[in-house]
Structures are given as C-alpha cells and as structure tokens.
Amino acid sequence: MTWKAGDKFAIVIVGDEFTRGESEEQNGPWIARQLVNYGFNIELCIQLSDNPDSLHYWLSQMRASSVDHIIVSGGIGGTHDDYTRQSIAAALDVPIEIHQECLRILEVKYGDRLNDQRRRMSHLPSGSELINNPQGAPGFQVSNLTALPGFPRMVKSMLPELLTKSYGQT
C-alpha cells in the first residue's frame with residue numbers, strides 16, 4: 001500500500017477502557033504526530049468501544065468518506081472482546097480466513113503455548129498483508145485499512161517501519 005504526501009487519514013482507537021475513561025489513550029496523538037511529520041493530513045481521530053456493530057458502522061462510514069486511509073489501533077488480539085478483524089472484514093464485505101503465514105509466525109512465537117485464543121489472531125480479512133511486529137502478533141493491511149495492536153510499545157515499534165515501507169524515506 002502506497003501513501004502519498006497530502007493523503008487524508010482517519011485514526012481509530014479501539015477499546016472499552018478508553019470509551020469508559022478507565023485508561024488514558026496514548027496511541028492516537030502519537031500516531032497523528034508521526035503521520036503529520038510525513039506530510040499527511042489527519043481528518044479524524046476517534047475512540048470506539050469494543051462493540052462489533054459500532055466498529056463495523058464507523059469503519060463503513062469512514063470508508064465512504066473522503067479519507068484515503070484508516071489506521072485502527074486495538075482489538076486485534078485473540079481475547080473474547082477483540083472484534084476489529086471481524087469488523088474490518090464486514091466493512092469491506094470480505095470473509096475472515098486463516099492467514100497461513102500469520103499462523104506460522106504465531107506457531108514459531110508461541111510454540112507449545114499456542115492456544116485457541118492466540119490462534120484466533122491468524123483469522124484475518126481475506127486479502128490481508130501482514131505488518132511485522134517484533135514484539136507480538138503481526139498487524140495487517142487490507143484495502144485502505146491498517147490494523148495495529150493497541151499496546152503503545154508495539155505501535156511505536158511498528159508504525160515507523162510501516163511509514164518507511166509505505167511512503168519511503170523523508
């Protein structure tokens with residue numbers, strides 16, 4: 001996926017802990033600063049709950065808007081309340097499938113600790129390309145959507161590499 005200077009972005013932060021005010025959200029402002037430093041425009045930065053219907057609705061609305069790219073942070077883990085993968089697939093009207101390369105990465109990373117919960121992280125929207133995560137499960141890109149984990153330390157290690165790869169050196 002190629003990003004060009006002047007492209008318009010929406011940033012979506014997913015997590016009940018933020019919409020309920022239980023935790024201070026750090027990824028949105030940090031992601032926005034990185035994108036602005038590369039010459040991109042931020043049209044929208046919102047926090048959404050872990051509600052799959054709400055995620056699907058808002059992602060669909062953003063896709064129908066004038067934004068060029070949507071970056072979603074959070075909700076791509078394997079726990080019961082992680083619906084970002086499914087909501088992205090629904091917004092794109094594509095199926096969820098086991099991404100074999102992602103599954104292999106998880107098998108190597110977790111070995112005999114790979115359980116069903118962690119295995120679910122390999123269930124991605126059809127057509128997804130992986131984003132390397134040196135600290136955990138990969139993120140992914142599909143269409144104009146980029147999905148990153150919600151952990152700030154992971155986002156801070158993944159986005160700079162993604163920006164360099166997607167945009168090139170500044």
Side-chain angles (χ1 to χ4, degrees), residues 1-3 7-32 34-35 40-103 105-106 115-133 136-152 154-155 158-159 162-163 166:
M1 176 175 303
T2 303
W3 297 344
D7 280 358
K8 295 183 247 177
F9 280 76
I11 301 167
V12 179
I13 305 302
V14 178
D16 289 342
E17 65 273 26
F18 306 122
T19 59
R20 292 179 186 156
E22 297 167 356
S23 197
E24 185 176 329
E25 199 286 303
Q26 300 173 25
N27 287 337
W30 188 85
I31 292 169
Q34 304 313 302
L35 294 172
F40 302 124
N41 298 306
I42 311 305
E43 294 290 310
L44 176 69
C45 185
I46 63 172
Q47 297 173 7
L48 298 175
S49 70
D50 289 306
N51 177 301
D53 294 330
S54 178
L55 286 169
H56 173 224
Y57 173 81
W58 287 108
L59 291 171
S60 295
Q61 292 298 309
M62 284 178 248
R63 284 192 37 82
S65 76
S66 65
V67 299
D68 300 303
H69 308 283
I70 303 165
I71 294 180
V72 182
S73 175
I76 65 171
T79 61
H80 70 283
D81 64 344
D82 287 326
Y83 295 108
T84 297
R85 294 182 314 277
Q86 298 89 329
S87 299
I88 287 173
L92 296 172
D93 196 26
V94 299
I96 288 280
E97 59 190 21
I98 296 173
H99 192 290
Q100 293 300 321
E101 181 183 355
C102 185
L103 182 58
I105 290 168
L106 296 172
N115 56 27
D116 287 341
Q117 181 177 342
R118 290 178 173 142
R119 192 172 280 111
R120 275 196 301 271
M121 293 186 287
S122 69
H123 298 195
L124 302 178
S126 181
S128 292
E129 295 179 26
L130 298 182
I131 302 168
N132 180 47
N133 179 358
F140 64 91
Q141 288 185 307
V142 59
S143 185
N144 68 333
L145 287 140
T146 299
L148 301 172
F151 296 105
M154 292 183 185
V155 171
M158 294 171 72
L159 187 61
L162 182 61
L163 282 163
S166 298

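- With sequence neighbours excluded, the residues satisfying ring pair (Phe, Tyr, Trp, His ring centres under 6.0 Å) with Phe9 are Trp3, Phe40, His69.
- Contact record, Ala147 with Ile88: CB-CD1, 4.0 Å, taken as the closest heavy-atom pair.
- Using modelled atom types, no side-chain atom of Ser128 and backbone atom of Leu124 make a donor-acceptor pair closer than 3.5 Å.
- The heavy-atom pair separating Thr84 from Gly74 by the smallest distance is OG1-O, 2.8 Å.
- Residues satisfying the side-chain hydrogen bond (donor to acceptor under 3.5 Å, both in side chains) criterion with Asp93, sequence neighbours excluded, are absent altogether.
- For Asp82, the side-chain hydrogen bond (donor to acceptor under 3.5 Å, both in side chains) partners are Thr79, not counting sequence neighbours.
- The two residues Pro125 and Val94 come nearest to each other via the heavy atoms CB-CG2, 3.9 Å.
- Applying the side-chain contact (heavy atoms from CB on, under 4.5 Å) test to Asn115 and every residue at least two apart in sequence or in another chain returns Gln117, Arg118.
- Scanning for side-chain contact (heavy atoms from CB on, under 4.5 Å) contacts around Ala90 gives His56, with sequence neighbours left out.
- Between the side chain of Arg85 and the main chain of His123, a donor-acceptor pair closer than 3.5 Å is present.
- Take Thr146 and apply the side-chain hydrogen bond (donor to acceptor under 3.5 Å, both in side chains) test, not counting sequence neighbours, and it matches Gln141.
- With sequence neighbours excluded, the residues that form a salt bridge (charged side-chain N to carboxylate O under 4.0 Å, His left out) with Asp16 are Arg20.
- A pairwise comparison of heavy atoms in Asp50 and Gly15 identifies OD2-CA, 3.6 Å as the closest pair.
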Take Leu92 and Leu145, measure what side chain to side chain contact (heavy atoms under 4.5 Å, CB included) needs, and give me the verdict at the end.
CA-CA 9 Å; Leu92 296 172; Leu145 287 140; 3.8 Å; yes
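- Atom OH of Tyr83 is separated from atom OG of Ser49 by 10.5 Å, given to the nearest 0.5 angstrom.
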Residues 24-31 side chain polar contacts: donor-acceptor under 3.5 Å, at least two apart:
from: Glu25; atom 1: OE1; to: Gly28; atom 2: N; distance (Å): 3.0
from: Glu25; atom 1: OE2; to: Asn27; atom 2: N; distance (Å): 2.5
from: Glu25; atom 1: OE2; to: Gly28; atom 2: N; distance (Å): 2.9
from: Asn27; atom 1: ND2; to: Ser73; atom 2: OG; distance (Å): 3.0
from: Asn27; atom 1: ND2; to: Gly150; atom 2: O; distance (Å): 2.9

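- A donor-acceptor distance shorter than 3.5 angstrom exists from the side chain of Ser65 to the backbone of Val67, with no hydrogens or angles considered.
- Looking at heavy atoms from C-beta onward, Ile98 lies in side-chain contact with Ser122 at the 4.5 angstrom threshold.
- The salt bridge (Lys or Arg N to Asp or Glu O under 4.0 Å) analysis of residues 53-72, with sequence neighbours excluded, yields no pairs.
- Under the rule for a side-chain contact (heavy atoms from CB on, under 4.5 Å), Glu129 has no partner lying at least two apart in sequence or in another chain.
- In terms of heavy-atom proximity, Ser126 sits nearest to Val142 at O-CG2, 3.6 Å.
- The two residues Leu55 and Ser87 come nearest to each other via the heavy atoms CB-OG, 3.3 Å.
- Residue Asn133 holds its CG atom at 13.0 Å from CZ of Phe140, rounded to the nearest 0.5 Å.
- For Leu44, the side-chain contact (heavy atoms from CB on, under 4.5 Å) partners at least two apart in sequence or on another chain are Ala10, Ile46, Met62.
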